[in-house]
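In each ligand, atom 1 is the first atom listed, and ligand 1 is the first ligand listed.
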Amino acid sequence: MTKSEKLFERAVKVLPGGVNSPVRAFRAVGGNPRFVSRGMGSHIWDEDGTEYIDFVGSWGPMVLGHSHPDILKAVQTRMMDGLSFGAPTALEVEMAEKMIEMVPHIEMVRMVNSGTEAVMSALRLARGVTGRDKLIKFEGCYHGHSDAMLVGAGSGALTQGEPDSKGVTKGAAQDTLMAQYNDLASVDHLLNANLGQVAAVIVEPVAANMGVVPPQAGFLQGLRSLCDKHGALLIFDEVITGFRLAPGGAQQYFGVRADLVTFGKIIGGGMPVGAYAGPRALMEQVAPCGPVYQAGTLSGNPVAMAAGLAQLAILAAQPEIYQKMERAARFVADHLRASARRYGIRLQVNQVGSLLCPYFTQTPVNCFAAARTSDTNLYAKYFNQMLFRKVYLAPSQFEAMFVSSAHTQDDLEATVRAAEESLAALV
Ligand SMILES: *Cc1c(COP(=O)(O)O)cnc(C)c1O
C-alpha cells in the first residue's frame, strides 16, 4: 500500500469523501487521489516521493509555479510581525492600488477570502444598487457554491432555475435564470421575458469550469450591449481569468468593460483570497460607505496580502510571462491535436492563453451541451495513462489544464511525449 493510499484510507473516515473539496477526489477517473507533500516550480511530489509535472496548479493560483522564492520570502517576512489584527494594514491599501493599476475600469476593491465569497458579495451589490432580484448565469459556468449560483442544467432551467444541490431552496434558486454560453439570443430572450427584473448577467469571460470554452467573436460585446439596453449590470467572474489572460484580465484581453469584476485564485498567490471590484459609484454602495452589507473577520489578511501582492508585482513587472505561457499552451494543444490525428482519436482541443482542454469528442465545443458530448470514460483512461507517465492533470474532463510560467521546454516536451504514448494506449 502506498502512503497516499494509507492517507486516503484515514481521510475517508474523517473528511467527507476523503477531501476538503470535491474536485480533488478521483471519482470521475477512478483510483485514489495522490496526497501532495511539496511543490517546486512546475513540479509536485506526492507523499510516496513520486514527482509529477503539474497542470492543475492549485486550480489556477500558481501561475508562477510552486514555491516562487519572492512569494515565499514576502510571506516569511510579513508573518514575523503577526498573522492577523482585524484592523487595517498598509498591505491592503497596496494590494488594492496594485489591482487598480493593472485592471481597466476598476476604481475600488473589497477583499474577501474566496472566489465564492467574492461572487456572492458582487451579486448582493448588483441587487442592492439595481433594486432588482433576478440574475442570469450560463449553463456550465461555475461561480462558487453560494446558493444562488448552484443552479445548473435541466430542460426547465432555461426559464426557471432548479437547484443543483440538495439544501438549496427553491426560493434561492428561482431568481437565477439560465442562459446558454455563446448564445446571445438566449440572454435576449430572458431579459425580455423578465423586463426590468434582472439585476445582473454574470459570466466567466472564458468558461473554464466546463473544460475551456472561449467566447465567440461578439459574445462578450453582445452581453455588454444587452446589459446596457436593459439596465442590468455585467459581472465578469474573473476568478480564473483575472491576471491570467493578461495583466488586466479578460476586460483587457477582449476589450470589453464589465461593471463589476470578481477575483480569487491568482490574487492570493496560493493563500485563500478573493475580491470584488468596480467603479467608485458602485463600490461606495458597500458597507460602511453604503447600504449593502458585507464583512469578513480575516478579509485582507496581511499574510495573504503579502503573498498575493508579491505575485501581482511579478506579473506587472514581467508582462512577457503572458506570451511565454500562451506559446507553451499552444505547443501542448498543437501536439495533442497531431497525436490524436495519428491514432484516429476524435479530440477537440480548446486553448485560450495559458488555459487549454482536450475534449474526447468530434463536436466543436462552444457551449455546455457540446462539452457534454465528450467521452468521459476515454478521458478517465487518458488521465490515468498520463498520471502513470508522471503528468498530473485535473481528475475530470470538465476542468482546464493550467499552464504556468514555470513550465520549461523540457516539461512541455515530456508532456507531449507522455500524451502521445497515452493516446496511443487508448486505441
Ligand atoms: C474557483 C472559482 C470560483 C470559486 O472560488 P473559490 O475560491 O473556490 O470559492 C468562482 N468562480 C470561478 C470562475 C471559479 O473558477
Side-chain angles (χ1 to χ4, degrees), residues 19-25 55-63 103 110-126 135-152 164-165 168 176 181 200-215 220 223 234-245 249-251 253-254 258 260-277 294 296 298-301 304 307-308 311 350 352-357 368 371 394-403:
V19 290
N20 275 312
S21 185
V23 297
R24 298 173 197 171
F55 286 100
V56 173
S58 188
W59 305 96
M62 312 322 292
V63 67
V103 178
R110 169 60 62 87
M111 302 305 307
V112 294
N113 301 293
S114 70
T116 295
E117 222 187 304
V119 168
M120 182 184 81
S121 310
L123 294 173
R124 181 180 304 144
L125 175 57
L135 306 166
I136 293 178
K137 79 176 280 291
F138 294 90
E139 192 179 25
C141 281
Y142 179 68
H143 301 291
H145 64 89
S146 69
D147 284 359
M149 291 291 101
L150 275 189
V151 182
D164 250 2
S165 163
V168 174
T176 303
Y181 199 79
V201 175
I202 182 163
V203 67
E204 286 184 75
V206 171
N209 285 285
M210 47 169 147
V212 174
V213 182
L220 297 174
L223 292 182
L234 179 59
I235 304 176
F236 277 5
D237 182 352
E238 296 225 46
V239 170
I240 284 182
T241 54
F243 304 95
R244 174 170 285 281
L245 290 181
Q251 293 190 96
Y253 193 83
F254 296 112
L260 291 171
V261 188
T262 56
F263 297 100
K265 299 189 173 127
I266 284 180
I267 62 167
M271 302 291 267
V273 178
Y276 58 109
Q294 187 270 308
L298 292 169
S299 295
N301 173 271
Q311 178 143 281
N350 285 0
V352 190
S354 57
L355 299 165
L356 71 148
C357 179
F368 186 59
S396 160
Q397 167 70 85
F398 303 109
E399 305 284 1
M401 200 173 161
F402 294 92
V403 173

### F368 ring center within less than 6.0 Å of F138 ring center
no
Residues passing the ring pair (Phe, Tyr, Trp, His ring centres under 6.0 Å) test with F402, sequence neighbours excluded, are none
Determine, step by step, whether E204 and Y181 satisfy the side chain to side chain donor-acceptor pair (under 3.5 Å) criterion, reporting the C-alpha distance in whole Å, the side-chain angles of both residues, the deciding distance to 0.1 Å, and the verdict. CA-CA 9 Å; E204 286 184 75; Y181 199 79; over 6 Å; no
Quick one: does V203's side chain get under 4.5 Å of I235's, heavy atoms only? no
Donor-acceptor contact present, side-chain R110 to main-chain Q294, <3.5 Å = yes
From the list I136, L234, I202, side-chain contact (heavy atoms from CB on, under 4.5 Å) partner of L223 resolves to L234
Sorted by chain and residue number, the residues with a non-hydrogen atom under 4.0 Å of ligand 1 are S114, G115, T116, Y142, H143, G144, E204, N209, D237, V239, I240, K265
